[in-house]
Amino acid sequence: MKHQPTSPWKFIPTLYFTSGIPYVIINTVSVIFYKKLGIDNAEITLWTSFLYLPWVIKMFWGPIVDIYFTKRQWIIYTQLTMFACLGLVAFCLQLPNFFFISLAALTIGAFISATYDIATDGFYLLALSPEQQAFFVGIRSLFYRLAVIFGSGILVFIAGQLEVSLNNIPLAWTLALSFCALILAIIFIFHRLVLPAPESDSQRQLEATKKIDFWTIISSYFAQDKIINIIAFILLYRLGEAMLVKMASLFLLDKRELGGLGLSTSDVGLIYGTLGVISLIFGGILGGLVIAKYGLKKCLLPMALALNLPDIFYVYMAYSKPTLILVYPLVSLEQFGYGFGFTAFSVYLMYICQGEYKTSHFAISTGIMALGMMLPGLISGYLQKALGYPLFFILVCLLTIPGMIALFFIPLKEESKLTKN
């Protein structure tokens, strides 16, 4: 009896929701719970910025995921190990030396999460027809963003409420992260039962991938015209935002006598993790519509300005210490501008990835992009500590200028099939 193929609606939403949860906990929520547990800003930004590293270098072990085992096997077992890592993080927050133990668990989790992303994207291409791939591209993005809202918004809000009701910050975060680990365990069981095993993902099909010359792919990327200009642009376009992203939630949480706004954990979950992310999503949607109408070349500079100019809101907040009612729109507008401006950056990364190895080239570009986020984050806490919040945010605004200058030197034709109807 022939089995009916499994509908993508049964697994695509949960695959990409699962992709977003570890990423946001490792790179965003960790900053918040370390702050609430008394870790210094400079230590937080330094060590949590290193957690970007697996996404920087994941292109180097991508071929291993292609050659050994099936994508389905990689997905199942990385989900199981991610559950174990997150459970370990939750447990060790109760220990006196929790910082480095939890950081080690998060580091392992970061490598697992990056591997999961590789396998999931590969499985998406193998399990879905071209028509289904086109249809579900928006669905997978939506559920990834919902995971971000869940992690940086709902989960942080829950932790904040538990902090108040239990009067025990470590226990509050242990319970919140344990709840998140439980969700991953349930999704693991679900995928173990319903995830299809497409013929194209069989071991026999994997043998063909062993013939890929990985170094040929790498060298072809760096042989592109004006590659130095391209790399400089990728590294610099979000330089100011890379400095800001680790410090934003710390600024919102820090006490007013230390230069911050002194908001509660729950407030930060609502402002930055929920309304901020929703604004970012709508900014991204609008950015896509604008580029589709006017083309990338006309939109690149205005979108760069939209991404960078709202950083000045943080300068204003650092000097004026506004009330909570004003913080909501200022953070939301900054995130909206970020989502709008980041769209042009994403489209340009697709624009430069053409030809036979475009998938691998895109992985290299996103790795360089992650490096551009990691390096500034390493020193952002030390700079804030030396300068104070007002001068630090002024520096952030000044660091947006190199990226906007770099966009005048990148190769970009007037028309592109990626960006014009």
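Please read all numbers here as calculations on a predicted model, not as lab measurements. Below, each value reflects all heavy atoms present in this structure, side chains not excepted, and no hydrogens, waters or symmetry copies. When a residue number appears, it is its place in the shown sequence, counting from 1.
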Note, Cys180 side chain near Phe150 side chain (heavy atom, < 4.5 Å): yes
Close side-chain approach of Thr265 to Ile169, heavy-atom, < 4.5 Å: no
Asn97 atom CG: more than 12 heavy-atom contacts under 6.0 Å: yes
Shortest non-hydrogen separation from Tyr34 to Ser102 and the atoms involved: OH-OG, 2.6 Å
Within-4.5 Å side-chain heavy-atom neighbours: Ile281 and Ile149: yes
Salt bridge (charged side-chain N to carboxylate O under 4.0 Å, His left out) contacts in which one or both residues fall within residues 141-163, not counting sequence neighbours: Lys36-Glu163
Shortest non-hydrogen contact between Tyr144 and Ser19, atoms and distance: CE1-OG, 3.6 Å
Test side-chain contact (heavy atoms from CB on, under 4.5 Å) applied to Leu253 and Leu263, Leu261, Leu258, Ile32, the passing residue: Ile32
Donor-acceptor contact present, side-chain Thr343 to main-chain Gly339, <3.5 Å: yes
Non-hydrogen side-chain atoms of Ile118 and Trp74 separated by less than 4.5 Å: no
Check: Met373 and Asn27 side chains under 4.5 Å, non-hydrogen atoms: no
Sequence neighbours excluded - salt bridge (charged side-chain N to carboxylate O under 4.0 Å, His left out) pairs with any residue from residues 383-401: Asp40-Lys385
Pairs touching residues 160-190 that satisfy ring-ring contact (aromatic ring centres under 6.0 Å, His included), sequence neighbours left out: Phe33-Trp173
Pairs involving residues 96-125, ordered by first then second residue, that meet salt bridge (charged side-chain N to carboxylate O under 4.0 Å, His left out) (sequence neighbours left out): Asp121-Arg140
Inter- and intrachain pairs under salt bridge (charged side-chain N to carboxylate O under 4.0 Å, His left out), touching residues 327-353, at least two apart: none
Can you give me every donor-acceptor pair (side chain of residues 234-244, partner residue at least two apart or in another chain, under 3.5 Å) with its distance?
from, atom 1, to, atom 2, distance (Å)
Tyr237, OH, Gly341, O, 2.9
Arg238, NH1, Tyr338, OH, 2.4

Under the side chain to side chain donor-acceptor pair (under 3.5 Å) test, residues paired with Ser365 that sit two or more places apart: Tyr221
Within-4.5 Å side-chain heavy-atom neighbours: Phe251 and Phe392: no
Nearest heavy-atom neighbours spanning Pro8 and Pro13: O-CD, 3.7 Å
Contacts of type side chain to side chain donor-acceptor pair (under 3.5 Å), residue Thr366, not counting sequence neighbours: none
Could you list the donor-acceptor pairs under 3.5 angstrom formed by side chains in residues 268-276, with sequence neighbours left out?
from, atom 1, to, atom 2, distance (Å)
Thr274, OG1, Gly269, O, 2.9

Donor-acceptor contact below 3.5 Å, side chain Ser380 vs main chain Gly377: yes
Qualifying side-chain hydrogen bond (donor to acceptor under 3.5 Å, both in side chains) pairs with a residue from residues 303-332, counting only residues at least two apart or across chains: none
Greater than 12 external heavy atoms within 6.0 Å of Leu193's CG: yes
Any residue meeting side-chain contact (heavy atoms from CB on, under 4.5 Å) with Ala306, in chain and number order, not counting sequence neighbours: Phe340
Evaluation steps, side chain to side chain contact (heavy atoms under 4.5 Å, CB included), between Thr45 and Leu378: CA-CA 6 Å; Thr45 55; Leu378 293 173; over 6 Å; no
Which atom pairs, one a donor and one an acceptor, fall under 3.5 Å between side chains of residues 80-95 and the rest of the protein, sequence neighbours left out?
from, atom 1, to, atom 2, distance (Å)
Thr81, OG1, Tyr77, O, 2.9
Thr81, OG1, Thr78, O, 3.1
Gln94, NE2, Pro170, O, 3.2
Gln94, NE2, Thr174, OG1, 2.8

Met374 backbone acceptor or donor facing Lys246 side chain under 3.5 Å: no
Shortest non-hydrogen separation from Pro322 to Leu326 and the atoms involved: CB-CD2, 3.7 Å
CD1 (Ile312) with more than 12 external heavy atoms under 6.0 Å: no
Parallel, tilted or perpendicular: rings of Tyr389 and Phe393 (30°, 60°): parallel
Check: Asp254 side chain, Gly259 main-chain N or O, donor-acceptor pair, under 3.5 Å: no
Side-chain touch Ile12/Tyr16, heavy atoms, less than 4.5 angstrom: yes
Side-chain heavy-atom pair Tyr116, Leu15 within 4.5 angstrom cut-off: yes
